[in-house]
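Residue numbers start from 1 in every chain, and the chains themselves are labelled A, B, ... in the order their sequence lines are given, proteins ahead of strands. These values consider heavy atoms only, across backbone and side chains, with no hydrogens, waters or symmetry-generated copies.
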Number of protein chains: 2
Amino acid sequence: MPDNDRFDLQEFLPYLLNQAAEMSSLEFQQVYKDRYGMLRTEWRVLFHLGLYGRMTAGEIGHSAKMHKTKISRAVHRLAERRFLARTRDAADRRVEHLDLTAQGRKAYAELREIAMEYDAALVAKIGRDQAEILRQTLRVLAELPPKD
Amino acid sequence: MPDNDRFDLQEFLPYLLNQAAEMSSLEFQQVYKDRYGMLRTEWRVLFHLGLYGRMTAGEIGHSAKMHKTKISRAVHRLAERRFLARTRDAADRRVEHLDLTAQGRKAYAELREIAMEYDAALVAKIGRDQAEILRQTLRVLAELPPKD
DNA sequence: CCTTGTTAGTTACAAAAACAACTATTACAT
DNA sequence: ATGTAATAGTTGTTTTTGTAACTAACAAGG
């Protein structure tokens, strides 16, 4: 039996963060999976386009910190299912502009509603004040620019 | 351009949690990967045994909320590399008791040191008080949702 | 122009995860 | 006992991811 001195796996931040992250995405994951057959990478792309409008794969990758191969595959599948349309840039023919189709916007709107409700449920679970502190702290850990 | 009303992906808790979790495990992951060729599932098993002593695969799975096939393969690989030893239970021959070998304990001790340092670095980054609140909040979020 | 380097995105192949079906053993109700 | 269900853990198959190599287009120096 080893010495447990001052260390507990359940308190180790990376572990705890992973557990919480996994738990917290479970319910929402079911929605986009069952309803639209989407993967996590796919809804992330969808949400980026829905929220920010026309973007390139590279821009999404940078924002979501996802590798370009993940984006490439997500975009491919979303285009295949007519959730988004791809347009080559006229000036630089390497880059491709991505826009949601009507169907994509519809899916986004629906998923955004559910996401908002789900986020509210999580906030209710942990308390409004704690939630604000949580977001702020997570932003630091994720090294995202602070809100404001 | 869609209406962004009151929703931001960067503020969506499941998204934010995932980003922070991913970021925070990155550095530590390199250590057990480069140094011992371990996967996340494997160090989790190692840490459970190092911290709590003899356990069965089922117990670890329950504690870490990992699926039994993941555990089974992690245990297999750890046993193969002589980090742990497996012993069949005499009374119930379905269950197997897992113990770290000397080599396993050595790896655990080393990784635990690094984990503690890394945790301390994260705490320093976000502040001691925020860290305590964070852990508390994450513990709530990581709880299994009530049965329905 | 031509080499060399860079960037956007894709594709091929290997590693890992998810999911389902399986073996072996124990429990338990007829 | 004996048939049925439950439990511990494994194995096989399919998806998904990670890594690296690749194509195509641009950029910039000579």
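- Protein atom CG of Leu78(A) is 13 Å distant from nucleotide atom P of dT16(D), rounded to whole Å.
- Atoms NZ (Lys70(A)) and P (dT16(D)) sit 13 Å apart, rounded to a whole Å.
- Around atom CZ of Arg82(B), no more than 12 heavy atoms belonging to other residues, nucleotides or ligands sit under 6.0 Å away.
- Within 4.0 Å of Ile71(A), counting heavy atoms only, lies no atom of the nucleic acid at all.
- Taking atom CG of residue Leu39(B) and atom P of nucleotide dT19(D), one finds them 12 Å apart after rounding to whole Å.
- A donor atom on one side chain and an acceptor atom on the other are not found under 3.5 Å apart for Tyr32(B) and Glu42(B).
- Looking only at distances, no side-chain donor or acceptor of Arg35(A) sits under 3.5 Å from a matching main-chain atom of Gln30(A).
- Under a cut-off of 6.0 angstrom, the local environment of CD in Glu27(B) is sparse, with at most 12 non-hydrogen atoms contributed by other residues, nucleotides or ligands.
- Side-chain contact, Tyr52(A) with Asp8(B): a donor N or O sits under 3.5 Å from an acceptor N or O.
- Applying the 4.0 Å criterion to OP1 and OP2 of dT19(D), one finds that Lys33(B) has a side-chain N or O inside that range.
- Checked by distance alone, Arg73(B) brings a side-chain donor or acceptor within 3.5 Å of a matching partner on the base of dG12(D).
- Taking atom CE on Met66(B) and atom C1' on dT10(D), their separation rounds to 16 Å, with Å as the unit.
- Running 5' to 3' along DNA chain C, contacts with non-hydrogen atoms of chain B at under 4.0 Å begin and end at dA16(C) to dT26(C).
- The distance between atom NE2 of His76(A) and atom C1' of dT16(D), rounded to the nearest whole Å, is 15 Å.
- Side-chain atoms of His48(A) and Ser63(A) include a donor-acceptor pair closer than 3.5 Å.
- In this structure, CD on Glu80(A) lies 13.5 Å from CZ on Arg73(A), to the nearest 0.5 angstrom.
- Residue-level contact check: Thr69(A) touches the bases, meaning some heavy atom is under 4.0 Å from a base atom.
- Comparing Lys68(A) and Thr41(A), the nucleotide of DNA chain D nearest to each residue sits closer to the 5' end for Thr41(A).
- Scanning residues 83-100 of chain B for heavy-atom distances under 4.0 Å to DNA chain D yields Arg86(B), Arg94(B), Val95(B), Glu96(B).
- Atom-to-atom distance recorded for Leu49(B):CG and Leu78(B):CG is 8.0 Å, nearest 0.5 angstrom.
- Between Trp43(A) and Tyr36(A), the gap from one ring centroid to the other reaches at least 6.0 Å.
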